[in-house]
K.L.:
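Handing you this structure, nothing more for now.
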Amino acid sequence: QVQLVESGGGSVQAGGSLRLSCAASRSIYCMAWFRQAPGKERERVAVVTGSGTTTYRDSVKGRFTVSRDNAKNTLYLQMNSLKPEDTAMYYCAARRDTACLNVDYNYWGQGTQVTVSS
């Protein structure tokens, strides 16, 4: 089992920045951020593998940066130039596999709310 605990959400005005963190209870290869807005499906935001390869959804490219500190088993999401459409519950997710894209994730955090006002 892997426990994931997110932190760092909050409310910010458009154009502002937030940094999310996710502490994992153990080392795990695939780590990702997902988000879900009210009435919408959950969507993958960014993925980082244990070797440092990153993938982003198009709408956040150039604004969000995903990273991880393997020594601390911690995942981060630096979000800059935030837009109202970024408003959602953000979830940390992890998967014990070397395939990190287009797969189901096994472990999920409780979520942290990000609200961006215009």
Side-chain angles (χ1 to χ4, degrees):
Q1 278 286 48
V2 178
Q3 282 75 48
L4 303 171
V5 179
E6 301 104 332
S7 60
S11 297
V12 64
Q13 289 191 326
S17 299
L18 285 172
R19 188 192 195 206
L20 306 183
S21 299
C22 172
S25 58
R26 52 162 288 174
S27 174
I28 192 162
Y29 190 77
C30 300
M31 299 191 80
W33 290 100
F34 288 76
R35 67 186 182 188
Q36 187 168 21
K40 295 188 177 181
E41 293 188 355
R42 185 173 61 196
E43 58 187 24
R44 189 184 69 210
V45 176
V47 175
V48 59
T49 71
S51 57
T53 302
T54 58
T55 304
Y56 298 92
R57 70 178 301 104
D58 287 346
S59 62
V60 307
K61 285 180 181 177
R63 301 188 298 122
F64 290 11
T65 302
V66 64
S67 62
R68 61 191 291 169
D69 184 335
N70 291 332
K72 296 181 179 180
N73 296 331
T74 301
L75 174 71
Y76 303 100
L77 185 68
Q78 177 66 44
M79 305 185 291
N80 298 329
S81 302
L82 282 161
K83 304 176 180 180
E85 51 263 44
D86 295 318
T87 295
M89 184 72 77
Y90 283 70
Y91 297 91
C92 172
R95 173 181 170 87
R96 267 189 293 173
D97 199 342
T98 55
C100 303
L101 296 180
N102 302 316
V103 293
D104 292 332
Y105 274 69
N106 310 100
Y107 306 105
W108 294 85
Q110 80 287 354
T112 185
Q113 179 68 37
V114 171
T115 303
V116 184
S117 58
S118 57

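All residue numbers refer to positions in the sequence shown, counting from 1.
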K.L.:
State plainly whether the residues K83 and D86 are in salt-bridge range, i.e. N to O under 4.0 Å.
P.N.:
no

K.L.:
Under a 3.5 Å distance rule, please check whether T87 uses its side chain to pair with a backbone N or O of V116 as donor and acceptor.
P.N.:
yes

K.L.:
Roughly how far, to the nearest 0.5 Å, is the OH atom of Y29 from the CZ atom of R68?
P.N.:
8.5 Å

K.L.:
To the nearest 0.5 Å, how far apart are OG in S21 and CD in Q78?
P.N.:
9.5 Å

K.L.:
Is there a path of hydrophobic side-chain contacts, each under 4.5 Å between heavy atoms of I/L/V/M/F/W/Y residues, joining V47 to I28?
P.N.:
no

K.L.:
Rounded at 0.5 Å granularity, tell me how far SG in C30 sits from OH in Y107.
P.N.:
12.0 Å

K.L.:
Side chain to side chain contact (heavy atoms under 4.5 Å, CB included) between V60 and M79: does it pass, once the steps are laid out?
P.N.:
CA-CA 9 Å; V60 307; M79 305 185 291; over 6 Å; no

K.L.:
In terms of hydrophobic clustering (I, L, V, M, F, W, Y; side-chain heavy atoms under 4.5 Å; direct or indirect links), are M89 and V5 co-clustered?
P.N.:
no

K.L.:
What is the distance from atom OH of Y91 to atom CD of E6, rounded to the nearest 0.5 Å?
P.N.:
8.5 Å

K.L.:
Looking at A37 and A88, what are the two nearest heavy atoms and their distance?
P.N.:
N-CB, 3.9 Å

K.L.:
Measure the CG-OG distance between L77 and S67 for me, rounded to the nearest 0.5 Å.
P.N.:
8.5 Å

K.L.:
Not counting sequence neighbours, list each pair that qualifies as a salt bridge (Lys or Arg N to Asp or Glu O under 4.0 Å) and has a residue in residues 91-102.
P.N.:
R95-D97

K.L.:
Would you check if the side chain of R42 reaches a backbone N or O of Q36 as a donor-acceptor pair within less than 3.5 Å?
P.N.:
no

K.L.:
Aromatic rings F34 and Y105: how do their planes relate, parallel, tilted or perpendicular, breaks at 30° and 60°?
P.N.:
perpendicular

K.L.:
Quick check: is L4 connected to V66 through a chain of hydrophobic side chains (ILVMFWY, heavy atoms under 4.5 Å apart)?
P.N.:
yes

K.L.:
Who are the side-chain hydrogen bond (donor to acceptor under 3.5 Å, both in side chains) partners of T98, not counting sequence neighbours?
P.N.:
none

K.L.:
Can you give me the closest heavy-atom contact between M31 and C22, atom names plus distance?
P.N.:
CE-SG, 4.4 Å

K.L.:
Can you confirm whether L82 sits close enough to F64 that some side-chain heavy atom of one is under 4.5 Å from a side-chain heavy atom of the other?
P.N.:
yes

K.L.:
Hey, any chance V12 and V45 share a hydrophobic cluster, counting ILVMFWY side chains that come within less than 4.5 Å of each other, even indirectly?
P.N.:
yes

K.L.:
Starting at CZ of R35, measure out to CD of E43 and round the result to the nearest 0.5 Å.
P.N.:
4.5 Å

K.L.:
Determine whether W33 and C92 satisfy the following criterion, side chain to side chain contact (heavy atoms under 4.5 Å, CB included), listing intermediate values before the conclusion.
P.N.:
CA-CA 5 Å; W33 290 100; C92 172; 3.9 Å; yes

K.L.:
Does L20 reach the side chain of V114, with side-chain heavy atoms less than 4.5 Å apart?
P.N.:
yes

K.L.:
So which heavy atom on S17 is nearest to which on S81, and how close?
P.N.:
OG-N, 4.4 Å

